[in-house]
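Throughout, protein chains are lettered first and strands after them, A, B, ... in sequence-line order, and every chain is numbered starting at 1.
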Amino acid sequence: MPELPEVETVRRGLIPVMEGRRIVKAIQNRPDLRWPLPENFAERLTGTTIERIGRRGKYLLLDLDSGETLIVHLGMSGRFLIYTDGIIRKGADFHQSVGSQSSKHDHIILEIEDGNRAVFNDARRFGAMDLWQTALIGDHKFLSGMGPEPLSNHFNSEYLTKTFANRKVPLKAALLDQRRVAGLGNIYVCEALFDAGLSPTRSAGSLSSRDCSRLVDVIRDVLRRAIDAGGSSLRDFHGASGELGYFQHTFKVYDQEGKKCSKSKCSGTIDRIVQSGRSTYFCAICQR
DNA sequence: CTTGGGTCCTGTGCGC
DNA sequence: TGCGCACAGGACCCAA
């Protein structure tokens, strides 16, 4: 799953191909992704022009000239592949194996007016799509309870202090909760907590306003740096399907179990623990 | 209301 | 080379 930086990278990759262009034909290869697709899904897409591609948290928002917005969540394994003349030209893709067998999980195909095809491929099928009135987009159940965008001014130390007040949940879980802040996932929470010097296991409510202030700063910083790097790609590419993020080469703790802590004066090693079923990586010496 | 655990689905990599 | 198991970037749902 792509987290905010990966979704933002996908958005930026789709804009030159799709924005301002008409969907000549939409093809739906199955009735559902994670949930059932809406009634007449392909018909409602076909013939519309994509006016703008936006993002909210980990959701892509494609505003159509029909007055509806196509909402897309990539889940864990969802990706868009762009084909020109049947050849992959560009992949908004953070996984391996674009080549041979990928068509098996090609669930939604958008034929664009200039001959490009945007193919939504999602092996694990944790992804989701829906159509909703653009004017009421904030009311959609995917978006209505979502916390502030971490790169916006609404996400600040006062807000974080307030939303964490009296919370007993581990800090890690609080940051993964999309209702508190949008777009963070396992990688960037681990990285941000390392940068902040805060333990993932302490309760969210135990943070001082000073801690919250520092946390806001490092979250913004890690997200900005990851976006600049084109996101993180967890496996090596074998196909020739376009640009690949490289932020994974700068991970300080994520997937670094057993390595020496990268803080210069720290003698610790990176630990891996499991919190609510998911791996947490951190340095127990310098994260308190 | 908050919190923790199970669950959906497929693919990959590792130890044996 | 094959097999079984652990694990994967998410988030909903339900029970306590």
Plane angle bin for [Y] and [X] - parallel if under 30°, tilted between 30 and 60°, otherwise perpendicular:
{"X": "A/Y59", "Y": "A/F142", "result": "parallel"}
{"X": "A/H107", "Y": "A/F120", "result": "tilted"}
{"X": "A/Y281", "Y": "A/Y254", "result": "perpendicular"}

Point to revise | B/dG5 to C/dC7 separation - P atoms, rounded to the nearest Å | key: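 Taking atom P in both B/dG5 and C/dC7, they lie 16 Å apart.
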
Point to revise | Spacing of the P atoms in C/dA6 and B/dG6 (rounded, Å) | key: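 Comparing P positions in B/dG6 and C/dA6 gives a spacing of 14 Å.
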
Report the distance from atom [atom1] of [X] to atom [atom2] of [N], rounded to the nearest whole Å.
{"X": "A/L60", "N": "C/dG9", "atom1": "CG", "atom2": "P", "result": "20 Å"}
{"X": "A/E257", "N": "C/dA6", "atom1": "CD", "atom2": "P", "result": "16 Å"}
{"X": "A/R179", "N": "C/dC13", "atom1": "CZ", "atom2": "P", "result": "12 Å"}
{"X": "A/L176", "N": "C/dG9", "atom1": "CG", "atom2": "P", "result": "10 Å"}
{"X": "A/R34", "N": "B/dT10", "atom1": "CZ", "atom2": "P", "result": "14 Å"}
{"X": "A/I187", "N": "C/dG10", "atom1": "CD1", "atom2": "C1'", "result": "12 Å"}
{"X": "A/R79", "N": "B/dG11", "atom1": "CZ", "atom2": "P", "result": "10 Å"}
{"X": "A/R30", "N": "B/dT10", "atom1": "CZ", "atom2": "C1'", "result": "12 Å"}

Does [X] have a side-chain nitrogen or oxygen under 4.0 Å from the phosphate oxygens OP1 or OP2 of [N]?
{"X": "A/R125", "N": "B/dC8", "value": "no"}
{"X": "A/H73", "N": "C/dG10", "value": "no"}
{"X": "A/R278", "N": "C/dA11", "value": "no"}
{"X": "A/H105", "N": "B/dC9", "value": "no"}
{"X": "A/K58", "N": "C/dG10", "value": "yes"}
{"X": "A/Q178", "N": "C/dG10", "value": "no"}
{"X": "A/K104", "N": "B/dT10", "value": "no"}

By nearest atom, which of the nucleotides [options] is closest to the [X] side chain?
{"X": "A/V169", "options": "B/dG4, C/dG9, C/dC12", "answer": "B/dG4"}
{"X": "A/W35", "options": "B/dG4, C/dC12, C/dC7", "answer": "C/dC12"}
{"X": "A/E3", "options": "C/dC12, C/dG9, B/dG11", "answer": "C/dG9"}

Check your understanding: Just wondering, do A/F126 and C/dA11 stack (centres under 5.5 Å, planes under 30°)?
Key ->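 Aromatic stack with C/dA11 absent for A/F126.
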
Practice item. Walk me through it: do A/E8 and A/R12 pass the test salt bridge (Lys or Arg N to Asp or Glu O under 4.0 Å)? Key: CA-CA 6 Å; A/E8 178 62 20; A/R12 294 178 182 188; 2.8 Å; yes

Practice item. Ignoring hydrogens and angles, state whether a donor on the side chain of A/S203 or A/K168 is under 3.5 Å from an acceptor on the partner side chain. Key: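 Note: A/S203 and A/K168 side chains miss the donor-acceptor criterion.
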
Check your understanding: Side chains of A/K172 and A/N186: is there a donor and an acceptor less than 3.5 Å apart?
Key ->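 Side-chain D/A pair, A/K172 to A/N186: present.
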
Practice item. Give one of base, sugar-phosphate or nothing for A/R167, where a contact means two heavy atoms less than 4.0 Å apart. Key: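 The residue A/R167 makes sugar-phosphate contact but no base contact.
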
Practice item. With heavy atoms under 4.0 Å as the rule, sort A/Y254 into base, sugar-phosphate or nothing. Key: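 Since only primed, P, OP1 and OP2 atoms lie under 4.0 Å of A/Y254, the category is sugar-phosphate.
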
**Study point:** Nucleotide opposite B/dT12 in a Watson-Crick or G-U pair, distances under 3.5 Å
**Key:**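 B/dT12 is paired with C/dA6.
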
Exercise for review: Would you kindly compare A/R124 and A/S276 by the position of their nearest DNA chain C nucleotide and give the one closer to the 5′ end?
Suggested key: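 Mapping each residue to its closest nucleotide by heavy atoms, the 5'-most match is A/R124.
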
